[in-house]
Protein chains: 2
Amino acid sequence: MPTSSDKPDPSAAPLPSEGARAILVAAETLFASRGYDAVSMNAIAQAAGVSKANIFHHFSNKKALYLEVLRSACSHESAELLRELEQQSGPVIERLRHFVGHHLDSLLRNERSARLIQREVYQSSDAQAKELAEHVFGANFERLVELIKAGQAQGELRADIEPALIAVLLLAGNILFFDTRRVLRHLPGADFAADPARFTRMATDALLQGIQLNK
Amino acid sequence: MPTSSDKPDPSAAPLPSEGARAILVAAETLFASRGYDAVSMNAIAQAAGVSKANIFHHFSNKKALYLEVLRSACSHESAELLRELEQQSGPVIERLRHFVGHHLDSLLRNERSARLIQREVYQSSDAQAKELAEHVFGANFERLVELIKAGQAQGELRADIEPALIAVLLLAGNILFFDTRRVLRHLPGADFAADPARFTRMATDALLQGIQLNK
DNA sequence: GCTGTTGCTGACCGACCGGTCAGTCAGTGG
DNA sequence: CCACTGACTGACCGGTCGGTCAGCAACAGC
């Protein structure tokens, strides 16, 4: 009998084997840059320096490998952002500024994970979307909304805007920047595309204070 | 042979034949929802109700078909937005409000085109990104930036923010909404996810007036 | 009649796909 | 020493991929 090909449990933490690690790394890189269908098991095997059959020894099939890559990316990404949201103190506006700046920085540093998750979000079915909202983004988003609510309660932020909307707007600029920065760089007048930190600072300022001139 | 001399072709592009139209429509739907690699020529042929060989009769290969689908999507999308930006009159702020609202509406109505173009933007190489910036988004973006500059010159908008940054922020909310609305719907407190028009109105208001409480 | 030309098709091709299988090899407990 | 195990591999499977090609039906002009 060959090795038992039991399915990897999505909730419990399976064993991160030694040889499987290289496969996961190679697969993450390829899946993130080219997408699921454009990456063959042969390509992953070659990139990982192992035989194709070896991948099937560690993962039951291609989909299971992809899900495992996605799972690790989600947990990694989620943990980093939650950590960032928790530790801060001081005025809410300063905490928001810091978080937004860190968020874009995190996207750019963990580009592969971010791309993988985004790909999943952008083409998810309704059922998948609900799962993503609850198990991947729920905690982070709720934490951010709580922070905004606190800012409203303390009179730092306008209370007549839904806090969730503010959260979305704060993240929208970052995500658009992350997604389109290569194109942005070639648009006229968008020289901020080359400087993420400057973009985040200016965008957050604009959103906080408004772009309309107060008479 | 271009025997159809009775029909004046509006663009320099080749004529969209009768039988080729069905292929283009089927291909656009499939490419938009599943991506290039996940769609086979067999699937396109079946969806279009023709033989696979017929596709190769009208298009030299899969890539050429994809590029043709992309080209028509780009020209269609671009023309609609440019038209919207040109005709308006009145205060700049009102024109911006109207444009942003129409932009999200356009994204949702032409979901397939929008998805196709986004897919291209998000995974474009540097060379492709430059081409997209110059030939697809350049005109629209520049027009929007000009409108913002006019608003700044007339004292309607703050002049200390780069106009291109304002343009990006105005579009960012819409695009994030379009991309993540399925996930958004399941996030706590984001009930605006079900009402695009309301989202756009509130988001634009927030951006125009700022979310910080003015003492 | 014949002769292109055009739109279209079924049959087919080599390459590659995800996945399987028999078997090798190093380690290890008894 | 042996028996067993898990990591690993080359060869191979059926099936599908993008793409080709000879040919058919319809229709024009001669």
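Each chain gets a letter, A, B and so on, in the order the sequences are listed, and its residues count up from 1. Since we're looking at a predicted model, the values are computed, not measured.
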B/Arg34 versus A/Gln123: any side-chain heavy-atom pair under 4.5 Å?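 Result no, sub-4.5 Å side-chain heavy-atom pair not found.
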
Minimum side-chain heavy-atom gap B/Leu176-B/Leu184 below 4.5 Å: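 When only atoms from C-beta onward are counted, B/Leu184 and B/Leu176 do not touch, as no gap falls below 4.5 Å.
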
Could you list the donor-acceptor pairs under 3.5 angstrom formed between side-chain atoms of residues 51-58 of chain B and any protein atom two or more places apart in sequence or on another chain?
residue	atom	partner	partner atom	Å
B/Ser51	OG	B/Asn54	N	3.2
B/Asn54	OD1	B/His58	NE2	3.3

Using a 4.0 Å cut-off on heavy atoms, which residues in residues 56-64 of chain B reach DNA chain C? List them by number, or say none.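 Those residues whose heavy atoms fall under 4.0 Å from DNA chain C, taken from residues 56-64 of chain B in numerical order, are B/His57, B/His58.
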
Of residues 35-50 of chain A, the positions that come close to DNA chain D - non-hydrogen atoms, cut-off under 4.0 Å: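 Hits under 4.0 Å, by residue number: A/Val50.
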
Pair B/Tyr122, B/Asp179 - check side chain to side chain contact (heavy atoms under 4.5 Å, CB included), show working. CA-CA 12 Å; B/Tyr122 290 171; B/Asp179 285 338; 2.9 Å; yes

In this structure, how many angstroms lie between the [atom2] atom of [N] and the [atom1] atom of [X], rounded?
X       : N      : atom1 : atom2 : answer
A/Leu65 : C/dC17 : CG    : C1'   : 15 Å
B/Ile55 : D/dG18 : CD1   : P     : 9 Å
A/Lys52 : C/dC21 : NZ    : C1'   : 13 Å

Looking at A/Arg115 and A/Glu120, does any basic side-chain N land under 4.0 Å from a carboxylate oxygen?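 Judged by the 4.0 Å cut-off on N to carboxylate O distance, A/Arg115 and A/Glu120 do not form a salt bridge.
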
D/dA7 OP1/OP2 closer than 4.0 Å to side-chain N/O of A/Asn54: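 The answer is no; no side-chain N or O of A/Asn54 sits under 4.0 Å from OP1 or OP2.
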
Using the ring centroid of each side chain, check whether B/Phe192 and B/Phe177 are separated by less than 6.0 Å.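 That pair fails the under 6.0 Å test.
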
In terms of ring plane angle, is the pair B/Phe31 and B/Tyr36 parallel, tilted or perpendicular, where the classes change at 30° and 60°?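 Rings of B/Phe31 and B/Tyr36: parallel, under 30°.
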
Give me the one residue out of B/His76, B/Glu80, B/Gln118, B/Glu28 that meets side chain to side chain donor-acceptor pair (under 3.5 Å) with B/Ser113.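 Among the candidates, only B/Glu28 passes.
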
